[in-house]
Amino acid sequence: MVKTRFAPSPTGNLHIGGARTALFNYLYSKHHKGIFVLRIEDTDVERSKQEYVEDILGGLSWLGINWDEGPYYQKDRVDLYREHAFRLLGAGLAYKCYCSTEMLEEKRKKALKEGGKPHYDRTCRDLPADDVSNEGKPFVIRFKNPLSGEVSFDDLIRGTITFRCEELDDLIILRSDNTPTYNFTVVIDDALMGITHIVRGDDHINNTPRQILIYEALNYPAPRFAHVPLIHGKDKARLSKRHGATSLLEYRNEGFLPEALMNYLARLGWAHGDQEIFSQEEMIEKFDLPNVGKSPSVFDMDKLSWLNGHYMKTLPAQDIAERFLPFLEHMGISAPDRAQLVRIVMNQRERAKTLKEMAQASEYFFRDDFPVDETARTKFLTSATKPILVDFLEGFNALSSLDEEAQKPLIEGLTQKYNAKPVNIIQPIRVALCGKTVSPGIFEVIAILGKEKVGKRLTKAIESIQ
RNA sequence: GUCCCCAUCGUCUAGCCUGGUCCAGGACACCGGCCUUUCAAGCCGGCAACGGGGGUUCGAAUCCCCCUGGGGACGCCA
């Protein structure tokens with residue numbers, strides 16, 4: 001049984017990178033009909049915040065990634081980690097270290113300056129067992145790394161990776177305040193929770209050999225590892241707040257659809273031939289680790305927008321209308337007429353990349369005091385176009401239906417009378433009704449607005465012209 | 001500095017494992033055209049890449065080595 005996990009630390013929002021890691025873990029487990037676990041790694045009491053926990057859970061839920069187990073909180077499991085730490089201490093596989101933070105910092109700096117590895121010099125490693133000189137002093141527990149030999153593992157994405165033990169440090173597993181550290185808790189939890197496959201960012205490659213050594217010391221079987229490349233910003237550097245490192249929920253607020261974001265994230269670093277569009281079911285069916293690329297990818301907003309536009313156009317209109325509503329409400333607009341709303345969505349969705357854009361472009365459908373673009377007004381609401389509007393209004397009032405077939409002859413009649421192209425007749429009407437030169441087809445706009453509103457708006461526009 | 005990872009169009013990528021069908025395919029963006037009541041959408045077309053150098057081979061994007069470039073790690077953060 002395949003069991004994967006996503007184990008974020010709540011020291012920041014869930015961003016694009018984290019979400020993709022979560023997605024890959026989720027897809028891999030579901031592909032193998034396995035279990036996906038969510039675990040919150042909150043052992044850093046200083047930096048962990050409840051608001052981030054909420055952001056992470058909210059972001060995953062919105063995206064559509066559901067976990068089968070958890071969320072587990074490491075905070076609730078500290079006794080477990082301590083037990084393990086002292087077990088290693090008792091077995092001689094770990095030792096107490098009394099070096100102060102300041103001292104260590106100095107040693108690091110010095111080593112770096114001399115061109116060496118900034119590693120712990122193992123001062124306390126060989127302190128005699130009956131040493132009493134440090135009695136009562138605060139201490140940390142360090143893991144006793146093998147001094148020689150190699151550690152290697154077979155990465156599911158990159159193949160075999162080997163490290164020499166000399167490169168590894170005697171890392172701290174229990175801090176002086178008695179709290180455990182990441183490289184230790186992660187091993188214990190993954191082992192105890194029965195995680196079979198660890199999919200994570202490749203910034204963890206260096207941690208892997210240390211963790212494998214801990215698995216061995218603890219006598220736990222090690223899982224398989226798969227390190228996915230990091231996502232970069234346009235400047236090719238690691239994703240930061242400037243690029244896409246904002247909360248996933250920001251994308252929701254900007255009017256992106258979770259289907260689009262999930263699709264985009266899946267294709268960032270993974271491919272299945274030439275296919276671009278994947279439903280969640282298809283991703284689960286087709287996702288596999290060997291198809292994940294090895295090189296870092298750049299987050300591309302344009303492509304995300306395109307995908308979002310695609311889903312805007314292809315998801316059921318009723319569905320889009322449902323999700324569209326909050327964006328209207330955010331603008332202080334209520335849309336009680338369901339059928340009308342769906343009709344607006346059907347006409348606007350191909351001209352908007354996001355729900356937010358669509359809301360902004362649809363204001364005139366809901367408000368009579370919609371803004372009027374001044375450039376459009378001076379160009380199309382003029383003394384020259386006034387008679388067209390007057391004529392149109394007159395003909396319009398006589399219409400018995402607002403169907404396209406009923407409206408068409410009216411416009412055609414005017415093009416003949418004024419010897420003008422349709423565009424010259426329609427644009428003034430459009431500006432009168434919408435306040436701008438851009439809108440869905442004029443027949444649709446009129447049908448959606450209805451007889452009364454169209455009449456009022458035309459009258460108002462005519463009166464505004466000197 | 002040391003260690004680790006990576007390297008195909010501007011971007012996401014297919015192809016690489018199992019060399020020839022690749023003067024490298026798809027998608028986004030961009031440019032042009034068609035359609036057209038505006039804007040979009042849609043359709044058609046175009047631009048555009050195997051980082052460099054050595055090997056191996058009849059033949060290399062594909063295998064090997066070096067260089068260069070980029071990224072990551074080196075915390076009582078995760």
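A, B, ... follow the sequence lines: proteins, then strands. Residue 1 opens every chain. Bear in mind that the values here come from a model prediction, so they are computed numbers and not experimental data.
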Does the [N] base have a donor-acceptor partner in the side chain of [X] within less than 3.5 Å?
| X | N | result |
| --- | --- | --- |
| A:Glu276 | B:rG26 | yes |
| A:Asn206 | B:rG72 | yes |
| A:Asn207 | B:rA73 | no |
| A:Ser176 | B:rC76 | yes |

From C-beta outward on [X], which listed nucleotide comes closest to its side chain: [options]?
| X | options | value |
| --- | --- | --- |
| A:Lys117 | B:rU13, B:rU2, B:rC76 | B:rU2 |
| A:Ile205 | B:rU11, B:rG72, B:rC5 | B:rC5 |
| A:Pro296 | B:rA78, B:rC28, B:rC6 | B:rC6 |
| A:Pro118 | B:rG1, B:rC5, B:rC28 | B:rG1 |
| A:Asp274 | B:rC4, B:rA27, B:rG25 | B:rG25 |
| A:Phe163 | B:rU11, B:rC3, B:rA14 | B:rC3 |
| A:Lys294 | B:rC6, B:rA27, B:rC5 | B:rC6 |
| A:Arg108 | B:rC28, B:rA78, B:rC76 | B:rC76 |

Please tell me if [X] has a side-chain N or O lying less than 4.0 Å from either OP1 or OP2 of [N].
| X | N | answer |
| --- | --- | --- |
| A:Thr181 | B:rA78 | no |
| A:Ser295 | B:rC5 | no |
| A:Arg47 | B:rA78 | no |

Using the [atom1] atom as the point on both nucleotides, what is the distance between [M] and [N], in whole Å?
| N | M | atom1 | answer |
| --- | --- | --- | --- |
| B:rG46 | B:rG53 | P | 30 Å |
| B:rC16 | B:rC64 | C1' | 14 Å |
| B:rU13 | B:rC65 | P | 25 Å |
| B:rC4 | B:rC58 | C1' | 39 Å |
| B:rA73 | B:rC66 | C1' | 25 Å |
| B:rU18 | B:rC63 | C1' | 12 Å |
| B:rG10 | B:rC50 | P | 9 Å |
| B:rG70 | B:rC30 | C1' | 26 Å |

What nucleic acid atoms does [X] come within less than 4.0 Å of, heavy atoms only: base, sugar-phosphate, or nothing?
| X | value |
| --- | --- |
| A:Glu167 | sugar-phosphate |
| A:Gly309 | nothing |
| A:Asn424 | nothing |
| A:Cys434 | nothing |
| A:Arg349 | nothing |
| A:His204 | base |
| A:Thr179 | nothing |
| A:Arg158 | sugar-phosphate |
| A:Ile161 | sugar-phosphate |

Enumerate donor-acceptor pairs with a distance under 3.5 Å from any side-chain N or O in residues 408-418 of chain A to protein atoms, sequence neighbours excluded.
| residue | atom | partner | partner atom | Å |
| --- | --- | --- | --- | --- |
| A:Thr415 | OG1 | A:Glu412 | O | 2.6 |
| A:Lys417 | NZ | A:Asp391 | OD2 | 2.5 |
| A:Tyr418 | OH | A:Pro387 | O | 3.2 |
| A:Tyr418 | OH | A:Asp391 | OD2 | 2.6 |

Check the side chains of A:Gln211 and A:Asn183 for a donor-acceptor pair under 3.5 angstrom, ignoring hydrogens and angles.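 Yes, a side-chain donor-acceptor pair sits under 3.5 Å.
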Among side-chain atoms of A:Glu357 and A:Gln348, is any donor-acceptor pair under 3.5 angstrom?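 Not at all, the side chains of A:Glu357 and A:Gln348 share no donor-acceptor pair under 3.5 Å.
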Listed partners of A:Phe392 passing ring pair (Phe, Tyr, Trp, His ring centres under 6.0 Å), at least two apart: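 Result, ring pair (Phe, Tyr, Trp, His ring centres under 6.0 Å) vs A:Phe392: A:Phe396.
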Report the residues that fulfil ring pair (Phe, Tyr, Trp, His ring centres under 6.0 Å) with A:His204, sequence neighbours left out, ordered by chain and then residue number.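 Expected list: A:Tyr182.
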Any chance you could list the contact pattern along nucleotides 34-52 of chain B? Use B for base contacts, S for sugar-phosphate-only contacts and - for none, protein heavy atoms under 4.0 Å, 5' to 3'. ---BBBBSS----------
Test log, rule side-chain hydrogen bond (donor to acceptor under 3.5 Å, both in side chains), inputs A:Thr208 and A:Arg200: CA-CA 11 Å; A:Thr208 308; A:Arg200 64 199 344 180; 3.1 Å; yes
Can I get a per-line list of side-chain donor-acceptor pairs under 3.5 Å for residues 290-306 of chain A, giving both atom names and the distance, sequence neighbours left out?
| residue | atom | partner | partner atom | Å |
| --- | --- | --- | --- | --- |
| A:Asp300 | OD1 | A:Asp302 | N | 3.1 |
| A:Lys303 | NZ | A:Glu276 | OE1 | 3.2 |
| A:Ser305 | OG | A:Met301 | O | 3.3 |

If [N] has a Watson-Crick or G-U wobble mate with both distances under 3.5 Å, name it; if not, just say none.
| N | answer |
| --- | --- |
| B:rG69 | B:rC6 |
| B:rU37 | none |
| B:rG1 | B:rC74 |

Compare every heavy atom of A:Leu261 with every heavy atom of A:Ile16, then report the nearest pair and how far apart it is.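 Looks like CD1-CD1, 4.3 Å.
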Exercise: identify the closest heavy-atom pair between A:Tyr95 and A:Tyr120: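 Closest approach of A:Tyr95 to A:Tyr120: OH-CE2, 3.4 Å.
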B:rU2 P sits how many Å from A:Tyr120 OH, rounded?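 Whole-Å distance recorded here is 25 Å.
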Using atom CG of A:Asp169 as one end and atom P of B:rC4 as the other, report the distance to the nearest whole Å.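 Value for this atom pair: 16 Å.
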Residues A:Asp319, A:Arg323: salt bridge by 4.0 Å N-O rule: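 Yes.
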Residues A:Arg210, A:Asp169: salt bridge by 4.0 Å N-O rule: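 The answer is no: the pair does not qualify as a salt bridge.
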Taking the six-membered ring for Trp, are A:Phe287 and A:Tyr28 parallel (under 30°), tilted (30 to 60°) or perpendicular (over 60°)?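 The rings of A:Phe287 and A:Tyr28 stand perpendicular, inter-plane angle above 60°.
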Taking the nucleotide of RNA chain B with the closest heavy atom to each, which residue, A:Tyr182 or A:Gly293, is nearer the 5' end?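 Per heavy-atom nearest nucleotide, the more 5' residue is A:Gly293.
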Check nucleotides 61-64 of chain B for protein N or O atoms closer than 3.5 Å to its own N or O atoms and list the pairs.
none

Stacked cation flag A:Lys356 on A:Phe327, 6.0 angstrom / 45 deg: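 No, cation not above the ring by the 6.0 Å, 45° rule.
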